[in-house]
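Here the structure comes first, spelled out in structure tokens, and everything after it is commentary.
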Amino acid sequence: MNKTHLGHTARKRFGQNFLNDTFVIEQIVDAINPADGENLLEIGPGLGALTDPVCERVNALTVIELDRDLAERLRHHPFHNKKLTIIEQDALTVDFTPLAKDGALLRVFGNLPYNISTPIMFHLFKYAHLIQDMHFMLQKEVVNRLAASPGNKNYGRLSIMTQYYCQVQPVLNVPPGAFIPPPKVDSAVVRLAPHKQPPVDVADVKTLERVSTMAFNQRRKTIRNSLKECISETQLRELGLDPVRRAETLSLEDFAIIANWVHEHDSIEN
């Protein structure tokens, strides 16, 4: 038997928390500002909290839904089923290239399952050149990390990599009471707009990611110690970086300088 709107039980394994506050929903949809003719894609539509009001403004929307019952429910939606293209798949396995058809950049949005939100964003970053913008509901703590600047306690690998790919703009905070069931954390909506041109020149993005991971895995150590396996103290000085600085004081530009040197000298084992 198909589960109805009220009868669908949020599944822990999918990290489901359904948005249920009409005022908050309206604010999110206004922030996305969908327009007819745009290439709109929703990840994890769930019970349609964002799907329905977006479909009221546009004639076509693609959705990616892993939960079989929810995908089935959307197929039989009484008002919007003809507007929806449903991809019943794990978003982490989706190839987004064919979805940017006729060169129309994707506008991606969704209330992402908090347990896999970071992997989904990193998967989407591979397709940044095909994306106009992304609006995601995330844990507030994650949004703080995405937007953090050097010197901030939230600043880390996630800040570095996200800001390499995108301009980050926190949009609004959402209390737990806006969801069923209420999550144990505060949430927030963030807008990520991929840069047309990366803000720094990086020879190899994987090296940037590895260097920043290495540095922040031991964030209390100086970079002389945390990065000693891939670059010497002398070399850091030659690049104009003080070896006794900690990772959280380095800018994206500083990390790019280190990553480019490491890539050139191939000092990190793949």
Side-chain angles (χ1 to χ4, degrees), residues 15 92 112-126 128 134 136-170 173 176 183-192 195 198-270:
L92 287 169
L112 296 187
Y114 291 172
N115 53 348
I116 56 161
S117 60
T118 302
I120 288 177
M121 285 188 289
F122 273 80
H123 181 57
L124 283 160
F125 291 160
K126 296 179 207 161
M134 301 177 265
F136 292 133
M137 171 89 73
L138 302 166
Q139 268 180 264
K140 189 179 177 189
E141 178 199 337
V142 174
V143 171
N144 290 344
R145 283 162 57 202
L146 296 177
S149 311
N152 185 296
K153 66 176 168 49
N154 294 307
Y155 184 67
R157 177 190 76 114
L158 192 56
S159 325
I160 296 287
M161 297 312 301
T162 305
Q163 291 168 31
Y164 171 74
Y165 286 106
C166 302
Q167 182 189 9
V168 181
Q169 183 188 354
N173 294 328
K184 293 183 173 68
V185 292
D186 285 336
S187 305
V189 176
V190 68
R191 178 176 188 267
L192 304 174
H195 300 296
V200 291
D201 288 327
V202 171
D204 179 64
V205 179
K206 282 201 169 80
T207 307
L208 176 66
E209 195 172 339
R210 285 204 303 272
V211 166
S212 54
T213 301
M214 200 179 272
F216 283 105
N217 274 351
Q218 306 180 60
R219 63 188 299 145
R220 301 186 76 82
K221 290 191 172 181
T222 62
I223 54 171
R224 170 179 61 197
N225 291 323
S226 61
L227 297 176
K228 66 183 177 204
E229 285 174 39
C230 63
I231 189 167
S232 70
E233 179 175 349
T234 307
Q235 193 53 56
L236 284 167
R237 288 191 196 284
E238 282 179 20
L239 293 174
L241 295 165
D242 184 347
V244 299
R245 286 172 68 185
R246 290 193 169 94
E248 66 199 42
T249 70
L250 299 185
S251 65
L252 171 57
E253 196 172 4
D254 295 332
F255 275 106
I257 289 167
I258 296 169
N260 288 341
W261 186 91
V262 169
H263 178 68
E264 194 183 325
H265 296 82
D266 204 23
S267 305
I268 295 182
E269 289 179 19
N270 291 320

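These numbers come from the heavy atoms of this one structure, side chains and all, not from hydrogens, waters or symmetry mates.
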- Task: Test I257 against W261 for side chain to side chain contact (heavy atoms under 4.5 Å, CB included), laying out the working first.
- Result: CA-CA 6 Å; I257 289 167; W261 186 91; 5.9 Å; no
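- Judged as a ring pair (Phe, Tyr, Trp, His ring centres under 6.0 Å), and not counting sequence neighbours, the contacts of Y165 are F125.
- Put simply, CD on E233 and CD1 on I223 are 9.5 Å apart, with the number rounded to the nearest 0.5 Å.
- Taking each heavy atom of S187 and Y114 in turn, the nearest pair found is OG-OH, 2.6 Å.
- For the pair R157 and F122, the distance from NZ or CZ to the six-membered ring centre is under 6.0 Å and the angle to the ring normal is within 45 degrees.
- For the pair N260 (side chain) and D201 (backbone), a donor-acceptor distance under 3.5 Å is present.
- For the side chain to side chain donor-acceptor pair (under 3.5 Å) condition, the pairs that include at least one residue of residues 212-223, sequence neighbours left out, are Q218-K221, R219-E248, T222-N225.
- Counting heavy atoms from C-beta on, the side chains of K228 and R224 never come closer than 4.5 Å.
- H195 places a side-chain N or O within donor-acceptor distance of the main-chain N or O of Q163, the cut-off being under 3.5 Å.
- Applying the 6.0 Å contact sphere to CD of E253 captures no more than 12 heavy atoms from other residues, nucleotides or ligands.
- In this structure F136 satisfies the ring pair (Phe, Tyr, Trp, His ring centres under 6.0 Å) test with no other residue, sequence neighbours excluded.
- With sequence neighbours left out, the side-chain hydrogen bond (donor to acceptor under 3.5 Å, both in side chains) criterion links R246 to no other residue.
- A 4.5 Å side-chain heavy-atom check between Q167 and L192 finds every atom pair outside the cut-off.
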For a quick test of your reading: what N or O donor-acceptor pairs under 3.5 Å do the side chains of residues 138-153 make, sequence neighbours left out?
unit_1: N152; atom_1: OD1; unit_2: N154; atom_2: N; d: 2.7
unit_1: N152; atom_1: OD1; unit_2: N154; atom_2: ND2; d: 3.3

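- A search for salt bridge (Lys or Arg N to Asp or Glu O under 4.0 Å) contacts involving R191 returns D133, not counting sequence neighbours.
- Between L239 and I231 the shortest side-chain heavy-atom distance falls below 4.5 Å.
- Across all their heavy atoms, V185 and P176 have their closest contact at O-CG, 3.6 Å.
- Under 3.5 Å, the side chains of T249 and Y155 contain no donor-acceptor pair of N or O atoms.
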